[in-house]
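Here is the structure we will look at, set down as C-alpha cells.
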Amino acid sequence: MSFIAYDLTDDKLQKIQLDGLKWTIAHAHKNSPFYRKKLNEAGIQPQDIQNLNDIHALPFTDKVDLQNEYPFPLRAVPFDRITRIHASSGTTGKRKVICYTKKDVDLWAEMFARCYELAGVTPEDRVQIAVGYGLWTAGVGFQAGCERLGAMAIPIGPANAEMHCEMMVDMEATVFCSTASMALLMAEEIDKRNLVSKIKIKKIILGAERCSDAMRTRIKELMGVEHIFDIYGLTELYGPGTGIDCLQHNGIHYWSDYFIFEIIDPVTLKPVSHGKEGELVVTTLHKEASPLIRYRTHDLTRILDHNCPCGVPYPLHDRILGRTDDMFIYRAVNIYPSQIDHVLSQIKGIGSEYQIHLKHKENGRDMMLVRVEREMAGRKDDDASLSELISTEIRRKILVRSQVEIVEHGFLPRTQRKIQRVFDHRNGNV
Ligand code: DLL
C-alpha cells in the first residue's frame, strides 16, 4: 500500500484544489465567526470562489489573529467535534492554539506516513523519535505517522543522550527523528562514546529549524548515515509532515492535495514570479477545526521547477531559507542568519556551531561578533588566520565588517530543541 498518489495528474490536482478551496471558504464563512467577519469585511462571499486564481482576492491571516483570538482562534466546528488541541509558543504574546477534529488528526497521520514513505522508510524500520511530546505537535506527529506506516516507533522524546544511545543500540533503531540541534548533539555523543560501529541508523529525519550544510555534513560523518531528510511543518498547518525531500534531495515535495502554497513578497504582499524567493502563504483544503486561509507563515522559500527524477507528482519548494522575522539590521544592511551560515559552510577548519552577537560600541557604532567553533581536530595556532579569513569572507559576501572569535570545539551550547544563534544586545536585549 502506498500513501503517495503516483497517479495524481495536473487536472486531478486542480480539481482537488478548487473543490477544497471552495469547501474551505464556505465552511469557514458559515462556521467560524472570525473568518465570517474577515471575509465579509473583504467583501467576499463563498460563491465568489469560481477558480483557483480567486484565491488572490482573499484576505491574509496572520499569527496576530491567532493571538488576538486566543484561546480557540479560527475555530470552525463545535467543541464536541474537537478531539485534540496543540499549541506552539510565540516569541511574544499568547500561545497559538490549534484545534483538531478526528478527521484532521487522521489526515495528518496520512500525510506524515507519506513523508516516511518518500524517505524510503518501511514497516521493517525502527524509528527513534527524539522530538518533544506534549502540547508541541512534533512528537505525536512523528509517532502517528510512524504507526500509520506500520514501522516500529521508539517514542523517547528529547531525553538525555545516555538514554538515547542506550535505546539506539539495544533497539537497533534504523531511523532517527529530531531537530537539527538534537541530531548534532547525538552525533557528537555517539562519536565520543565510540558507538558508531554499534548503531544501525541509516536515515535521519530533521526539521523544526534550519540546518546548515556544514551541520548536515558533520552529522552525516559522525553518525555514518546515508541520508538526512529535511521535514517541514508548523503547528498551524497540522504540525510536522507538510512536506519532505525525497532520496534525490532536490527540495521539499509538499502535499498539494492538502493545501495551496503561494509565495508572496512580504512587503508588497503580491505574489512573486515563479521561482523567486518570498514568504510562504498557506491555504488548507480539508482542515475542519482550524482551517487556514492565506496564512502568512513568515518562512522564506521558493517554488522549484518540478522535474524531480523520483517520479512523485507533488511539487517542490526549496528548503526554508530563513524567516522574515529572523532578519536583523546591522550598519544599515539587512542580514539573515542563513547568509552567515552560507559563508561559514564554505570555510574549512571550523565546526558547524556559531553565534552572532550584536552590540553597541562605546563610540556608538554597532559591532557584530561572530563566535565560531574550531573543528574537532583543529589547532589553536590556526585561530588568528581562520578568524581573519571568516571576517574577510563576511565582508566580501555580506558587505559588513565583523569581529570573529574562534572558540574551542564544544564550547557553544548544544540543545535538544530549536537553537538560538542570534543575540542582539543592542537596546538592552539579550
Ligand atoms: O516546528 C513543527 C515541526 C516539528 C516541524 C518537527 C518539523 C519537525 P512550530 O513549533 O510551530 O512547529 O514551528 C514552525 O519552525 O514556521 C519554521 O520557521 C520552522 N521550521 C519547521 N520545519 C523546518 C525546517 C514545528 N524543516 C516553524 N527547516 C516554521 C527550517 C523549519 N525551519
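Values in this document were obtained by computation on a predicted structure and should not be read as measured data. Both ligands and their constituent atoms are indexed starting at 1 by order of listing. Because only heavy atoms are used, hydrogens play no part in the values below, and waters and symmetry mates are left out as well, while side chains stay in.
- Looking at Glu209 against ligand 1, only its backbone comes within 4.0 Å, counting heavy atoms.
- Checked for salt-bridge contact, Glu189 and Arg193 meet the test: a charged N lies under 4.0 Å from a carboxylate O.
- Each of Arg114, His286, Lys12 was checked for a side chain to side chain donor-acceptor pair (under 3.5 Å) with Asp257, and the lone residue meeting it is Arg114.
- Within the 4.5 Å cutoff, the side chain of Pro309 has heavy atoms near those of the Asn250 side chain.
- Interface of Arg210 with ligand 1, defined as ligand atoms under 4.0 Å from a residue heavy atom, comprises 30 (C), 32 (N).
- Note that Arg421 lies outside the cation-pi zone of Phe423, set by a 6.0 Å cut-off to the ring centre and a 45° limit from the axis.
- Remark: the Glu117 side chain and the Ser2 side chain contain an N/O donor-acceptor pair separated by less than 3.5 Å.
- Of all atoms in ligand 1, listed by their number and element, those nearer than 4.0 Å to a heavy atom of Asp299 are 16 (O), 17 (C), 18 (O), 29 (C).
- Proximity to Asp230 (heavy-atom distance under 4.0 Å) selects the following atoms of ligand 1: 24 (C), 26 (N), 28 (N).
- A cation-pi contact links Lys287 to Tyr238, judged by a cut-off of 6.0 Å to the six-membered ring centre and 45° from its axis.
- Considering backbone and side-chain N/O of Arg323, one or more are found under 3.5 Å from N/O of ligand 1.
- Looking at His298 and Thr324, their side chains do bring a donor and an acceptor atom within 3.5 Å of each other.
- Residue-ligand proximity: Arg319 is placed with every non-hydrogen atom at 4.0 Å or more from ligand 1.
- Of all the atoms in ligand 1, the ones that sit under 4.0 Å from a non-hydrogen atom of Ser88 are 11 (O).
- Between the side chains of Asp125 and Thr174, a donor-acceptor pair is found at a separation under 3.5 Å.
- Those atoms of ligand 1 that come under 4.0 Å of a heavy atom in Gly207, given as number and element, are 7 (C), 8 (C), 26 (N).
- Annotation: Thr137 places no N or O atom under 3.5 Å from an N or O atom of ligand 1; distance criterion only.
- Looking at atom 11 (O) of ligand 1, its nearest protein heavy atom turns out to be Thr235 OG1, 2.6 Å.
- Using a 4.0 Å cut-off between a side-chain N of Lys or Arg and a carboxylate O of Asp or Glu, Asp106 and Arg148 qualify as a salt bridge.
- Considering each of Ser338, Pro240, Gly233, Cys115, the one bringing a non-hydrogen atom nearest atom 4 (C) of ligand 1 is Pro240.
- Judged by distance alone, the side chains of His56 and Glu262 do bring a donor and an acceptor atom under 3.5 Å apart.
- On a distance-only criterion, Ile231 and ligand 1 share at least one N/O pair closer than 3.5 Å.
- Here the protein heavy atom with the shortest distance to atom 10 (O) of ligand 1 is Trp136 NE1, 2.8 Å.
- Looking at Ala208 next to ligand 1, an N or O pair under 3.5 Å apart turns up.
- Residue Lys418 approaches ligand 1 through these ligand atoms, each under 4.0 Å from one of its heavy atoms: 1 (O), 9 (P), 10 (O), 13 (O), 14 (C), 15 (O), 25 (C), 27 (C).
- In Leu234, the parts holding a heavy atom less than 4.0 Å from any atom of ligand 1 are both the side chain and the backbone.
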